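Please read these numbers as outputs of a predicted model, since none were measured by experiment.
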Amino acid sequence: MNIGLLKNVDACIEISEQATKEWNIENTLNQMIKAWDSVNFEFSAFKTGWVIKSYEDAVTLVDDHIATTQAMLFSPFKKPFEEKIM
């Protein structure tokens with residue numbers, strides 16, 4: 001059975017590349033969300049309130065995710081994920 005893929009090879013390549021780039025965005029977003037599942041904050045009493053102890057790892061994670069998110073915002077393949085990116 002010949003379905004004519006060779007006649008449409010350029011379109012097939014373009015669709016494949018777009019799907020791959022969209023999958024990469026979706027996968028990265030899911031990994032970023034999952035990374036926060038293991039983040040725990042420890043609090044310590046201080047005067048009349050609380051302070052967060054050992055927050056350096058969380059700050060590093062936020063910085064990394066901000067940079068990644070900003071890069072996604074410039075991607076021409078972001079449209080299906082724009083709301084999640086924002």
Side-chain angles (χ1 to χ4, degrees):
M1 178 175 163
N2 183 354
I3 58 174
L5 284 179
L6 291 179
K7 289 187 265 183
N8 300 300
V9 72
D10 290 337
C12 291
I13 290 170
E14 184 179 332
I15 291 167
S16 174
E17 288 175 353
Q18 181 173 345
T20 298
K21 290 177 181 178
E22 287 178 3
W23 179 85
N24 284 334
I25 291 172
E26 182 178 32
N27 190 45
T28 300
L29 285 169
N30 290 336
Q31 287 176 355
M32 288 168 54
I33 292 167
K34 187 175 181 180
W36 285 98
D37 288 344
S38 62
V39 175
N40 292 311
F41 293 99
E42 292 182 39
F43 296 90
S44 179
F46 183 75
K47 295 185 180 179
T48 61
W50 299 89
V51 293
I52 300 173
K53 297 175 12 179
S54 303
Y55 56 87
E56 294 85 6
D57 291 342
V59 170
T60 300
L61 191 58
V62 166
D63 288 342
D64 290 346
H65 287 181
I66 287 172
T68 301
T69 302
Q70 288 174 334
M72 286 180 189
L73 288 173
F74 292 105
S75 172
F77 306 98
K78 70 180 180 191
K79 189 66 176 165
F81 313 101
E82 239 173 338
E83 187 175 314
K84 198 171 187 180
I85 291 170
M86 295 311 285

Fill in: E42 side chain near S54 side chain, heavy-atom distance below 4.5 Å
no
Worksheet item: Are F43 and V39 connected in a single hydrophobic cluster, I mean Ile/Leu/Val/Met/Phe/Trp/Tyr linked by side-chain heavy atoms less than 4.5 Å apart?
Response: yes
Worksheet item: Would you say E82 has more than 12 foreign heavy atoms packed within less than 6.0 Å of its CD?
Response: yes
Discussion item. Pairing donors with acceptors under 3.5 angstrom, does anything connect the side chains of Q18 and E14?
Written reply: no
Worksheet item: What's the verdict on side chain to side chain contact (heavy atoms under 4.5 Å, CB included) for M72 and N24, showing C-alpha distance, side-chain angles and the deciding distance?
Response: CA-CA 10 Å; M72 286 180 189; N24 284 334; over 6 Å; no
Discussion item. For residues F77 and L73: do they belong to one hydrophobic cluster (side chain heavy atoms under 4.5 Å, members Ile, Leu, Val, Met, Phe, Trp, Tyr)?
Written reply: yes
Worksheet item: Honestly curious: do I66 and M32 fall in one hydrophobic cluster under the side-chain, below-4.5 Å linking rule?
Response: no
Fill in: Same cluster (ILVMFWY, side-chain, under 4.5 Å), V62 and I33
no
Worksheet item: Can you check whether C12's main-chain N or O pairs, donor with acceptor, with S16's side chain at less than 3.5 Å?
Response: no
Discussion item. Side chains of I25 and K21, heavy atoms from C-beta outward: is any pair under 4.5 Å?
Written reply: no
Discussion item. Nearest 0.5 angstrom please: T28 OG1 to I85 CD1, how far?
Written reply: 9.5 Å
Worksheet item: With ILVMFWY side chains joined below 4.5 Å, transitively, what does F46's cluster contain besides itself?
Response: V51
Worksheet entry | Shortest non-hydrogen separation from S38 to A35 and the atoms involved | OG-O, 3.2 Å
Discussion item. With a 4.5 Å cut-off on side-chain heavy-atom distances among I, L, V, M, F, W and Y, is there a chain of contacts connecting F41 to W50?
Written reply: yes
Worksheet item: Do D37 and K34 come within less than 4.5 Å of each other through their side chains, counting heavy atoms only?
Response: yes
Practice prompt. Starting at OG1 of T68, measure out to CG of L29 and round the result to the nearest 0.5 Å.
Written response: 9.5 Å
